[in-house]
Amino acid sequence: MDRRDFLLLFRRGHERVLELSCERLYMRWADARSGAGGAPPEPSSASRGDTQPWGEEPPTEIVTMTSADLLDELKRELLDADVLRIVGREWLSDPDFRRDVETCVEVFCARGGRVE
Amino acid sequence: MSPPTSRTQQAQVGPMDTVGRDTRRIDAYERVTGRATYTRDLTFPGMLYARVLRSPHPHARIRSIDTSRAEALPGVRAVITHETHQVVYGSGSIAGGRQYSDEAKDITVHKRYMFDNPVRHVGQPVAAVAAVDRYVAEEALELIDIDWEELPFVVDVEEALEPGAPRIWPEGNLGLDIRNEPLPMGGVSGDPEAGFRAADRVFTDRYTTAFVQDAQLEPRSAIAYWESDDKLVLHTPTQGISNCRHDNAKDLGLEDHQVQVICKYMGGGFGDKNGSYYFDLIAATLAKETNAPVLVELTRKDDWLGTHGRWHTVQDLEVGVTNDGTVTAIRLNAHSGMGPYLRRSGGLSGIDAYACQDVDRTIYPVHTNRMVSGNFRGPSEPQGYFPIQSMMDGIAYELGMDPVDFALKNMLRPTDDIRFTNYMLDECIERGRDLFDWSSRWRPQPGSDPGPIKRGAGMSFMMFRAGVGPSSAILRVDSQGRYTLFVGVTDIGPGAKTTMAMLAAEELGVALERVEVVWGDTDRCPYSVGESGSRTTMMTGFAVVEAARDLKGQMADRGIPSGDDVLIASATPTPGTEGQRRMCFGAHFVEVEADTQLGHVRVTKYVAVHESGRILNPLPARDQIRGAAIQGIGQALHEDLLYDPRNGHPLNAGYYGARHVTHMDVPEIEVTFIQTDDGYGPYGAKTVGEAGIILGPSAVANAIYNAIGVRMKELPITRQKILEALA
């Protein structure tokens with residue numbers, strides 16, 4: 001069994017089944033789409049100590065992949081599967097999210113994959 | 001991005017439908033009935049128990065380590081040491097106070113490992129054992145044979161910088177900056193020399209502050225298991241699941257999405273948990289080695305010596321002042337004791353609350369063989385405010401001025417160059433002076449009460465950052481009108497889940513009970529800045545309001561969803577303050593009673609006045625200030641982790657030894673909020689959590705001076721010190 005944060009891969013007979021959690025994918029998709037801060041500051045350009053914007057606390061920047069990278073990752077994961085089981089479909093109510101997921105699913109179906 | 005409320009600069013605000021009303025925590029039932037599951041409450045099939053072996057020496061090299069007897073003990077599943085696992089913990093000393101940085105990790109010559117050799121303080125991890133139960137694990141620790149080469153050590157911050165002092169690092173004992181250069185922090189603003197020349201009088205003095213442990217109730221623990229070769233699940237009491245995930249992923253060579261961090265409940269934060277900790281890495285490593293879930297537990301003593309606390313300091317101050325009471329120049333020369341690793345910077349705040357702009361600050365972050373220093377609620381504030389506000393209090397007496405008048409004359413105010421979103425420090429001080437009845441409690445002649453029992457009054461004031469910044473929230477509604485809010489917060493004590501739900505309910509115009517909150521799980525929540533810097537309400541709360549606005553718009557356009565459909569709104573706002581400083585403000589007034597024969601000091605009255613914008617939930621907000629003030633009193637009078645200079649060993653680790661103040665030791669902390677809405681943050685909310693701890697040490701110390709007529713310059717102000725000062 002393999003497991004990513006939004007994908008669960010298991011075998012059913014000869015079939016490789018991927019279970020896609022729309023809820024978990026949505027969380028990463030929302031972070032990726034928002035940028036969630038983008039690139040961290042350059043160490044050499046940051047000052048030390050009490051002159052930092054947040055004093056002693058970690059700043060708000062954090063690196064996340066872009067939404068395009070995330071969808072590419074999903075497409076790559078789907079290459080290993082014969083069947084895609086989509087759970088938490090209600091999360092597809094977000095039209096932008098639905099469009100991005102459907103794009104990946106269309107690629108999956110076009111190469112012979114089946115959606116449950 | 002427009003702020004969620006109209007600009008009502010300095011306007012007084014009152015309760016809204018939900019926001020601003022005393023509200024019980026939405027998980028109060030779970031908490032008081034024991035249904036809330038903390039990390040240590042979790043068990044998993046086949047879970048192993050791990051214990052950590054720690055250094056008994058302040059500075060020593062491991063010549064050899066033999067784990068064969070421990071490994072042979074029935075029930076032991078894995079033993080790991082610095083020889084088996086070279087994992088760099090964190091991105092290096094020079095990244096203190098910074099987001100994890102690969103570049104910093106590569107650059108730093110002061111790498112900190114999960115297990116280090118040499119060890120540099122008593123309590124540093126040297127090995128860990130996973131076994132079928134904790135007793136076997138503990139027995140196995142005793143079977144690990146280590147050949148130690150003890151090295152010279154130093155525990156005093158000034159001695160550590162003297163020529164010939166034992167070297168903790170080859171480069172010396174002064175902390176390195178981002179370029180690996182041993183330079184102090186600080187710098188010069190304005191023209192201090194001209195400021196001192198303009199002064200009629202110049203005052204100099206030395207103050208010291210003590211190392212204080214964060215001392216949260218829950219001893220740290222972590223449970224790790226691997227769901228696959230590249231998917232780690234980590235339950236750990238962190239203040240920031242997003243940063244914790246990121247840090248652990250980096251240290252373990254994984255991508256963020258390959259680590260799931262879960263923290264549903266934790267027994268107190270108090271700082272420096274917005275990220276990873278080495279025991280997370282130990283749990284993950286042992287789980288990998290054993291292919292089983294592994295629980296790492298720290299005992300209370302492990303927790304005390306193996307984590308961090310507030311950096312202790314020695315501070316030399318020089319203040320120039322004119323005869324009319326105007327401060328013209330300030331010079332600070334300080335040493336901050338950081339332990340052997342620079343987990344944070346060692347910076348000091350407090351001077352920046354004064355209007356004087358001719359300032360020269362030099363702060364040396366110094367390595368010693370004490371335990372590691374790190375963030376503790378208001379990381380650089382209480383130990384920074386105590387010296388400068390004691391100094392200014394004393395100058396006021398020297399000039400024949402009332403300390404309150406001296407404060408009002410010299411505190412930082414808005415200027416053309418220094419703009420604030422709003423400014424409420426005058427109101428805090430004046431309201432506090434009235435509520436406290438300063439004129440009747442303050443003695444114009446310090447120590448003038450007749451007899452051995454003397455009373456006196458002191459005050460202190462502060463401003464603390466309340467900036468805004470990015471965070472995320474996701475909100476959805478189903479066909480039953482149930483709202484689910486997804487936020488990446490944990491709940492370290494202030495009731496963040498409840499606050500987030502209140503904000504959603506307010507903006508949506510629905511009852512609080514209709515909002516369910518999903519939190520504390522990186523796989524089920526969006527990014528959050530983490531609960532440090534008192535930022536959750538301002539940042540994630542702002543995102544909640546934005547998401548609720550979006551959802552309201554969707555419902556207006558599309559109606560309530562039907563069947564299995566839902567409507568979803570997500571928001572990651574990146575608000576700013578247009579170059580203005582956004583600060584919260586406060587003033588504390590304290591009366592003490594001092595027994596000059598026994599040296600005993602008792603706080604008899606404590607008035608805390610704060611402006612923290614709009615108070616979203618007054619019930620826990622008041623308790624935040626109360627709890628913080630109690631911690632401040634403890635730092636003023638009791639707490640200090642003492643080290644024996646002869647052997648480098650800590651002497652009083654643990655609650656009993658530290659003599660923490662409890663509710664039984666203090667009077668009612670009278671909390672007053674001056675509520676405003678400056679148009680930023682969620683409905684104008686500002687910082688609360690850390691603001692309350694900043695002023696306790698200085699206000700108590702100033703009250704003691706007023707009572708006994710002798711200035712106490714070393715924290716904690718113990719009975720012995722008072723008796724010595726009065727002798």
Side-chain angles (χ1 to χ4, degrees), chain A residues 1-9 21-65 69-70 73-74 77 88-98, chain B residues 94-101 103-104 107 177-179 185 187 227-228 231 240 242-243 246 256-258 260 274-275 344-349 363 365 375 379-380 465 467 469-472 474 476 478 486 522-527 529-530 532-533 535 539 561 564-568 570 572:
Chain A
M1 185 185 80
D2 190 12
R3 184 186 178 285
R4 310 300 294 266
D5 51 342
F6 56 86
L7 287 171
L8 177 67
L9 176 64
S21 166
C22 291
E23 176 188 347
R24 295 185 177 208
L25 178 61
Y26 188 87
M27 298 302 156
R28 288 190 54 202
W29 178 84
D31 278 352
R33 194 174 63 154
S34 70
E42 291 296 316
S44 55
S45 66
S47 55
R48 284 173 43 164
D50 54 354
T51 56
Q52 291 180 41
W54 288 107
E56 305 294 330
E57 306 295 349
T60 55
E61 292 85 3
I62 195 165
V63 180
T64 62
M65 61 173 59
D69 290 339
L70 177 64
E73 181 187 322
L74 175 58
E77 296 286 347
R89 285 176 177 272
E90 68 274 17
W91 288 91
L92 299 173
S93 298
D94 184 316
D96 293 339
F97 181 59
R98 178 201 294 268
Chain B
I94 58 172
R98 302 165 45 78
Q99 181 59 53
Y100 199 105
S101 164
E103 187 178 342
I107 291 170
D177 69 6
I178 194 69
R179 289 168 288 276
M185 295 176 290
E227 289 199 333
S228 66
K231 178 68 180 186
S242 296
N243 280 328
H246 188 67
D256 280 11
H257 64 83
Q258 292 173 299
Q260 179 182 7
N274 188 0
R344 301 297 171 201
S345 74
L348 295 167
S349 300
I363 304 169
N375 285 358
S380 62
R465 60 184 176 270
S471 197
S472 297
I474 293 170
R476 70 176 214 177
D478 64 17
F486 299 79
T522 52
D523 276 14
R524 294 201 64 202
C525 304
Y527 166 77
V529 65
S532 70
R535 295 176 289 188
M539 294 189 181
D564 292 333
D565 285 346
V566 297
L567 292 177
I568 303 168
S570 66
T572 306

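Labels below follow one simple rule: chain letters A, B, ... track the order of the sequence lines, proteins then strands, and each chain is numbered from 1.
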Go through A:Phe97 and B:Ser570 one step at a time and tell me if the side-chain contact (heavy atoms from CB on, under 4.5 Å) criterion holds. CA-CA 11 Å; A:Phe97 181 59; B:Ser570 66; over 6 Å; no

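- Only the backbone of B:Asp564 comes within less than 4.5 Å of a heavy atom in chain A; its side chain stays farther off.
- Listed options B:Thr522, B:Asn274, B:Asp565, B:Asp478 were ranked by heavy-atom pairs under 4.5 angstrom with chain A; first place goes to B:Asn274.
- Annotation: side chain of B:Tyr527 is not in contact with side chain of A:Met27 (no heavy-atom distance under 4.5 Å).
- Both the backbone and the side chain of A:Trp91 have a heavy atom closer than 4.5 Å to some heavy atom of chain B.
- Although no hydrogens or angles enter the test, the distance criterion places no donor-acceptor pair under 3.5 Å between the side chain of A:Ser93 and the main chain of B:Leu567.
- A donor-acceptor pair is defined here as one N or O able to donate and one able to accept, closer than 3.5 Å; no such pair exists between the side chain of B:Asp523 and the backbone of A:Arg24.
- The structure places OH of A:Tyr26 at 14.5 Å from CZ of B:Arg524, a figure rounded to the nearest 0.5 Å.
- How far CD of A:Glu23 is from CD1 of B:Ile568: 9.5 Å, rounded to the nearest 0.5 Å.
- If you take CG on A:Leu70 and NE2 on B:His257, they are separated by 8.5 Å, rounding to the nearest 0.5 Å.
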